[in-house]
Amino acid sequence: MNVKIQNNKAWFLVLPVLLLVAFSAVIPLMTVVNYSVQDIFDQSRVFVGTEWYREVLNDPRLQSSLLRQFIFSGAVLLIEIPLGILVALMMPTKGRMASVCLVVLAMPLLIPWSVVGTIWQIFGRADIGLMGAFLNGIGIDYNYASNPMDAWFTVLLMDVWHWTSLVALLCYSGLRSIPDAYYQAANIDQASAWAIFRYIQLPKLQSVLVIGVLLRFMDSFMIYAEPFVLTGGGPGNSTTFLSQTLTKMAIGQFDLGPAAAFSLVYFLIVLLVSWLFFTTITHLDNKK
Amino acid sequence: MAEIHLQALAHSYLDAPKSPSDYAIREMNHVWNQGGAYALLGPSGCGKSTLLNIISGLLQPSHGSVKFDGKEVNQLSPSARNIAQVFQFPVVYDSMSVFDNLAFPLRNLGYTKERVTQKVNEIANVLELGDLLRRRANNLTADEKQKVSMGRGLVRDDVSAILFDEPLTVIDPHLKWKLRRKLKQIHEKFNITMVYVTHDQLEASTFADKIALMYEGKIVQFGTPQALFEEPEHTFVGYFIGSPGMNIIEVTIKGTAAVFNDTHVPLKPALVETAKAIASSNIKIGIRPEFVRVSDTPFDEGSYVATVLDVENLGTYKILTLSLSGQRIKARLEEDQRVPEHTAHVQFPEQYLKVYVDEYLVKGDEL
């Protein structure tokens with residue numbers, strides 16, 4: 001006979017985790033929730049309900065930076081994911097060159113964000129920067145400090161330079177996990193290079209691509225330091241993304257209520273889009 | 001459809017092979033005729049799979065050439081050779097359905113939709129995969145996967161040859177027999193050259209018209225299953241084919257007799273002449289356990305007295321282990337035969353007694 005012992009002492013073992021999560025996530029988040037529904041004067045607090053939310057969602061400054069943010073993250077994914085796969089496919093599979101490639105690829109990932117911004121700030125300068133001066137030298141009118149298109153181009157190029165390696169390394173590890181037998185069988189089955197990619201490599205890359213897409217989406221959606229150092233959000237507001245707008249609001253103007261409301265909206269957008277990506281990709285081939 | 005000709009073919013996995021043992025395939029010349037059903041039989045590590053991969057083009061031979069219908073194909077990829085190969089472990093494209101798996105080679109070749117459907121259904125019927133066609137390939141059992149794998153090899157009807165690399169290793173025994181029959185039927189129906197690699201002599205002899213037996217990177221005998229049994233051309237063939245294998249005894253030649261310890265076995269004079277002409281001290285005689293005559297009473301002439309060491313009862317027959325002048329000899333007794341208890345009288349019928357010099361069979365009557 002199986003007698004179930006009633007013993008709730010085990011709950012105590014969960015306590016450290018609960019405390020940790022409470023202090024690291026729940027309490028700070030609830031503070032923000034708290035701010036987002038109150039108006040704070042010197043010592044007094046007034047409950048304002050959804051006022052900040054309405055204000056934030058109707059603020060054209062935030063709307064336009066949200067739109068920019070989506071365009072930026074979309075462009076980042078559209079460029080970095082295919083490019084990363086391509087780089088991974090072209091990398092040598094063994095020998096000394098393979099390790100050299102891996103080290104070279106890993107290098108940009110090790111550089112701090114603000115340093116990357118500084119590097120490109122100088123690299124792109126129209127007067128003395130290697131790239132900027134060169135482009136102007138061959139007759140292309142390029143100046144990221146005054147032309148919004150050039151600024152966008154530079155910010156995107158910087159992000160591609162910084163993060164394509166991550167996608168490439170993930171895909172490289174995914175490709176290495178495909179046994180030789182699949183390539184042999186495909187070769188016997190007269191598969192073209194495209195068919196091998198489409199039916200053998202891509203399906204096997206699915207799981208690493210989920211990680212790659214999610215990481216790149218979340219990171220690019222929260223980008224702050226690099227464009228801040230490179231362009232300062234300009235020219236005008238052309239490269240001001242969400243984080244920067246939010247920071248201005250919270251720290252520059254000390255509008256804590258609207259900033260808190262916006263933080264929550266921001267957080268929910270990241271959560272929602274990540275979830276959409278995850279479910280779409282993981283269910284892609286179960287449709288049949 | 002093609003005749004496959006291996007010319008002075010050799011292969012080494014090393015960059016600078018020196019001794020013969022550095023070669024996975026030692027120099028060989030061989031022809032696989034169009035439409036034949038062949039088995040490539042041999043122990044593990046004898047180079048069977050290497051040879052198969054060289055024929056299919058997955059591996060480039062380091063020496064010699066592979067010719068399809070007289071045309072050298074060394075530099076051609078497997079797809080350019082238009083060859084099909086089924087591997088030891090099933091390879092299925094697990095993101096596709098079974099139907100798409102079978103259709104994959106056809107679609108790569110640009111077949112029309114109707115022909116793809118027709119061919120896939122035809123092969124699915126033969127392999128009894130009809131019910132699984134809509135299933136995704138990654139949810140199949142090991143033997144279903146191997147059937148899909150085989151199906152992909154069989155679905156094209158224009159291939160030069162189909163190569164099988166121990167395809168039934170992962171299959172349940174009762175299904176093995178069925179699938180072997182199926183392969184045989186497919187062979188008869190489509191008349192495609194098939195080469196079947198295995199280390200199982202039963203599998204080889206049920207599938208193939210002719211067996212190539214490989215040993216240490218060489219084909220030591222190529223012939224019908226019966227020839228391999230009755231006329232082993234190499235001591236290894238004698239040892240490997242049959243259960244138990246041939247009795248092989250090291251001897252010296254004295255006069256017209258083979259001598260080991262104090263036993264003299266008379267040989268055909270013609271054989272002795274040929275053996276002596278080769279001038280080697282590595283001389284062996286061999287006789288299959290099935291052909292050793294055993295009795296508990298002396299024969300009229302030419303028999304030897306041996307001690308019985310062991311009797312194994314294998315149901316329909318018995319295997320007797322004897323000691324003759326210190327040499328162990330196995331003999332096979334039929335069910336109804338009387339089993340000698342301590343001493344046995346044995347006789348080696350002349351027509352079944354083979355002589356090997358330097359491990360190769362000596363044929364006396366050719367002189």
Side-chain angles (χ1 to χ4, degrees), chain A residues 81-82 84-85 88-90 92-98 170-213 277-288, chain B residues 49 52-53 55-59 76-111 133-139 145-146 148-156 158-165:
Chain A
I81 299 295
I85 296 175
L89 285 174
M90 292 192 314
T93 54
K94 50 183 161 230
R96 187 191 295 256
M97 277 316 286
L170 282 170
C171 291
Y172 184 75
S173 72
L175 286 173
R176 291 292 78 72
S177 70
I178 303 174
D180 255 0
Y182 282 89
Y183 294 111
Q184 293 185 340
N187 207 336
I188 295 282
D189 288 340
Q190 313 253 348
S192 60
W194 167 251
I196 291 178
F197 174 70
R198 170 67 188 81
Y199 296 108
I200 295 167
Q201 292 171 321
L202 202 54
K204 295 268 174 189
L205 284 182
Q206 196 188 20
S207 50
V208 292
L209 281 179
V210 174
I211 300 172
V213 167
F277 274 130
F278 183 77
T279 42
T280 315
I281 301 178
T282 47
H283 289 88
L284 213 55
D285 55 4
N286 292 337
K287 273 187 229 148
K288 282 182 198 169
Chain B
S49 294
L52 207 66
N53 288 343
I55 296 173
S56 67
L58 291 173
L59 202 62
L76 297 183
S77 69
S79 50
R81 294 182 193 196
N82 196 17
I83 211 155
Q85 186 170 2
V86 179
F87 300 94
Q88 181 172 7
F89 296 102
V91 178
V92 294
Y93 306 122
D94 34 21
S95 60
M96 301 186 211
S97 68
V98 171
F99 182 94
D100 290 337
N101 257 280
L102 295 175
F104 190 58
L106 303 176
R107 287 180 180 151
N108 287 330
L109 288 165
Y111 278 37
L133 282 177
R134 298 286 144 214
R135 286 260 297 275
R136 265 168 65 94
N138 60 349
N139 301 325
K145 279 185 182 174
Q146 187 63 318
V148 172
S149 247
M150 280 163 90
R152 281 208 322 273
L154 299 168
V155 76
R156 288 187 280 155
D158 62 334
V159 288
S160 312
I162 306 181
L163 311 177
F164 299 93
D165 191 354

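Here is how names work: the chains are called A, B, and so on, in the same order as the sequence lines, proteins then strands, and each is numbered from 1. Being a predicted model, the structure only gives us computed values, none of them experimental.
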(Q) For the backbone of Pro105(B) and the side chain of Gln190(A), can you confirm whether one donor and one acceptor N or O come within less than 3.5 Å of each other? (A) no
Q) Of the non-hydrogen atoms in Val91(B) and Ala185(A), which two are nearest, and what is the gap between them? A) CG1-CB, 3.7 Å
Q. Quick one: salt bridge (charged side-chain N to carboxylate O under 4.0 Å, His left out) pairs with a partner in residues 175-195 of chain A, sequence neighbours left out?
A. Asp189(A)-Arg152(B)
Q. Does the side chain of Ile188(A) reach to within under 4.5 Å of the side chain of Ser56(B), using non-hydrogen atoms?
A. yes
Q | Under 4.5 Å from any heavy atom of chain A - which part of Arg156(B) | A | side chain
(Q) Show, in sequence, the C-alpha distance, side-chain angles and deciding distance for Asp100(B) and Tyr199(A), and conclude whether the side-chain contact (heavy atoms from CB on, under 4.5 Å) test is met. (A) CA-CA 10 Å; Asp100(B) 290 337; Tyr199(A) 296 108; over 6 Å; no
(Q) What part of Asn82(B) gets within 4.5 angstrom of chain A, counting heavy atoms only: side chain, backbone, both, or neither? (A) both
Q | Proximal component of Val86(B), with respect to chain A [non-hydrogen, under 4.5 Å] | A | neither
Q. Got more than 12 heavy atoms from elsewhere within 6.0 Å of CZ, Phe278(A)?
A. no
Q.
Can you give me the closest heavy-atom contact between Ala195(A) and Asn108(B), atom names plus distance?
A. CB-OD1, 3.7 Å
Q) By a 4.5 Å heavy-atom criterion (distance strictly below it), what part of Ile83(B) contacts chain A: side chain, backbone, both, or neither? A) both
